[in-house]
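Below: the structure, in structure tokens.
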Amino acid sequence: MEAKKKAQTTEHPEFPVNQELLESAMHAREEWRLMRDRMNKIEESKSKVSPIVYERVAKDYADKLAKAHAALFEKKSEIDRERDKLNLTLHKVDAQLTEHRHLLEELKFRHSLKEFSDDLFAQKAQIEEDKIGKFDAVMSAINTNIALYESIFGEDPELFEEPQKKEPAKEKPVAAKPLAPLPREEEPKTDEAGYILEEAAHYFTASENDVEEGSSTVRTAIPADEKVEGSKFEVVEGPDTGAVFEAKATMTMGRAESNTIPVRDPKASRQHCKIERKGKEYVLVDLNSSNGTLVNGERVEEHVLSDGDEIQIGDVIIAFHA
């Protein structure tokens, strides 16, 4: 009976999740969906009520939706931290699993050389096989928990969008036609009334400068086949592969269009990281992003860039050329 109980424990190890966090995150998600659905219904019923009543109710629910969205993303940050801890544990367990597999392979090889008897080989091999089974089961449990955390935010792409706050009706300006359609994860620029304004440039528009009024940020996209003198950044993987950016004294990367180098990836934070020139060096600093910044596959908080370094944000990779 004891042996059976032990075998069951090894086969299905307990690896508890933060159940309280999961439940609160799911509650926040359902609250956000409720407010979103009511906002959609308000828009569908706009013609059935007077403009004053529509504006009053729409603004009320726009505020509620914004609060629900903020609460949801607060839970998402907590979920991300729990998931990162599990991924770190998974990496350590995988290293141990690989080592025991190598040990078992080595035992078999040495046994083939008649280094020890069949009985001794069977004894040693059983020990390694038991450990391999244990670590396999632990990895399976960790992966199950990671999937559980990710499922909360992986079903609805609108979770990554920030709601526009509804303001009282004003005289509607004429909205200029945008140069290119905005992706779902991008937040368009609006005036005080909430109407979309014309964008000077959209993401990686070749051979144009985008200067934000009242800001020192200058974004320059250069055709991939045009020679660039000095340091530069090149998108080598992602939606805008081939786009080249001349290095500036201060640069930012992230999902928001206002960044020097916008990154079209839902895993990118709006302000993800910045790069500053200090003397002859360029220093990358992560801006407390949700999913982290990787350089050459390693997560970094701060890193001095070298020629050929590859910066990864979500699934987008940008190479630095000194």
Side-chain angles (χ1 to χ4, degrees), residues 1-26 29 75-155 237 265-267 286 288-303 306 308-317:
M1 187 71 178
E2 288 297 322
K4 185 178 180 181
K5 184 177 180 181
K6 183 178 180 181
Q8 290 176 342
T9 304
T10 303
E11 189 175 335
H12 301 288
E14 292 188 6
F15 210 92
V17 296
N18 189 333
Q19 194 63 38
E20 182 179 352
L21 175 58
L22 281 175
E23 290 176 359
S24 62
M26 287 189 285
R29 182 188 63 187
K75 291 300 175 184
K76 182 180 184 301
S77 296
E78 295 181 42
I79 289 285
D80 287 343
R81 285 194 291 272
E82 290 291 324
R83 184 196 59 196
D84 289 344
K85 291 177 184 177
L86 285 175
N87 278 321
L88 182 60
T89 302
L90 187 67
H91 178 75
K92 293 178 180 178
V93 172
D94 185 50
Q96 295 180 69
L97 175 61
T98 300
E99 175 61 20
H100 285 291
R101 283 175 173 163
H102 287 160
L103 289 172
L104 180 59
E105 181 183 2
E106 182 181 346
L107 279 170
K108 292 178 179 179
F109 185 41
R110 290 181 180 276
H111 181 243
S112 70
L113 301 174
K114 306 298 182 182
E115 187 173 316
F116 34 69
S117 66
D118 290 347
D119 289 342
L120 183 57
F121 165 72
Q123 181 182 351
K124 289 178 176 290
Q126 186 62 52
I127 292 173
E128 295 305 325
E129 288 173 353
D130 288 345
K131 289 180 179 178
I132 289 170
K134 173 185 174 182
F135 287 122
D136 263 332
V138 170
M139 287 189 66
S140 177
I142 295 174
N143 278 317
T144 297
N145 291 353
I146 290 175
L148 196 58
Y149 284 131
E150 292 179 343
S151 67
I152 296 177
F153 299 99
E155 300 174 358
E237 189 171 326
D265 192 295
K267 298 175 187 174
D286 182 79
N288 295 319
S289 60
S290 295
N291 294 310
T293 304
L294 279 66
V295 176
N296 301 326
E298 297 290 333
R299 185 163 181 169
V300 299
E301 299 296 331
E302 184 172 323
H303 180 83
S306 300
D309 278 354
E310 291 190 340
I311 304 163
Q312 182 172 350
I313 298 174
D315 296 323
V316 174
I317 298 178

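Expressed to the nearest 0.5 Å, how far CD of Glu128 lies from CD of Glu99 amounts to 8.5 Å. For the atom pair CD of Glu82 and OG of Ser77, the computed distance is 12.5 Å after rounding to the nearest 0.5 Å. Here the OG1 atom belonging to Thr89 is positioned 5.5 Å from the CD1 atom belonging to Ile142, to the nearest 0.5 angstrom. The distance from the NZ atom of Lys134 to the CG atom of Asp130 is 10.5 Å, given to the nearest 0.5 Å. How far CD1 of Ile311 is from CG of Leu294: 11.0 Å, rounded to the nearest 0.5 Å. Rounding to the nearest 0.5 Å gives a distance of 6.0 Å between CD of Gln96 and NE2 of His100.
Under the 4.5 Å side-chain criterion, counting only non-hydrogen atoms from C-beta, Ile146 is in contact with Asn87. Residues Asp136 and Arg101 form a side-chain contact, since some pair of their non-hydrogen atoms from C-beta on lies under 4.5 Å apart.
The nearest pair of heavy atoms linking Lys267 to Gly314 is CB-CA, 3.9 Å. The heavy-atom pair separating Asp84 from Arg299 by the smallest distance is OD2-NH1, 3.3 Å. The shortest heavy-atom contact between Ser24 and Lys75 is OG-NZ, 3.3 Å. For Val300 against Asp286, the heavy-atom pair with the smallest separation is O-CB, 3.7 Å. Between Ile132 and Leu104 the shortest heavy-atom distance is CD1-CD2, 3.9 Å. Minimum interatomic distance between Asn143 and Leu90 (heavy atoms only, all atoms of both residues): OD1-CD2, 3.4 Å.
Residues meeting the salt bridge (charged side-chain N to carboxylate O under 4.0 Å, His left out) test with Arg110, sequence neighbours left out: Glu106, Glu115. The side-chain contact (heavy atoms from CB on, under 4.5 Å) search around Thr98 returns Asp94, His102, not counting sequence neighbours. Residues passing the salt bridge (charged side-chain N to carboxylate O under 4.0 Å, His left out) test with Asp80, sequence neighbours excluded: Lys76, Arg83. Glu237 pairs by the salt bridge (charged side-chain N to carboxylate O under 4.0 Å, His left out) definition with nothing, not counting sequence neighbours. A search for ring-ring contact (aromatic ring centres under 6.0 Å, His included) contacts involving His303 returns nothing, not counting sequence neighbours.
Atom CD of Glu105 has 12 or fewer neighbouring heavy atoms from other residues, nucleotides or ligands inside a 6.0 Å radius.
With Ser306 contributing its side chain and Asp309 its backbone, the two residues share no donor-acceptor pair below 3.5 Å.
The list of salt bridge (charged side-chain N to carboxylate O under 4.0 Å, His left out) pairs with a residue in residues 116-127, not counting sequence neighbours, is empty.
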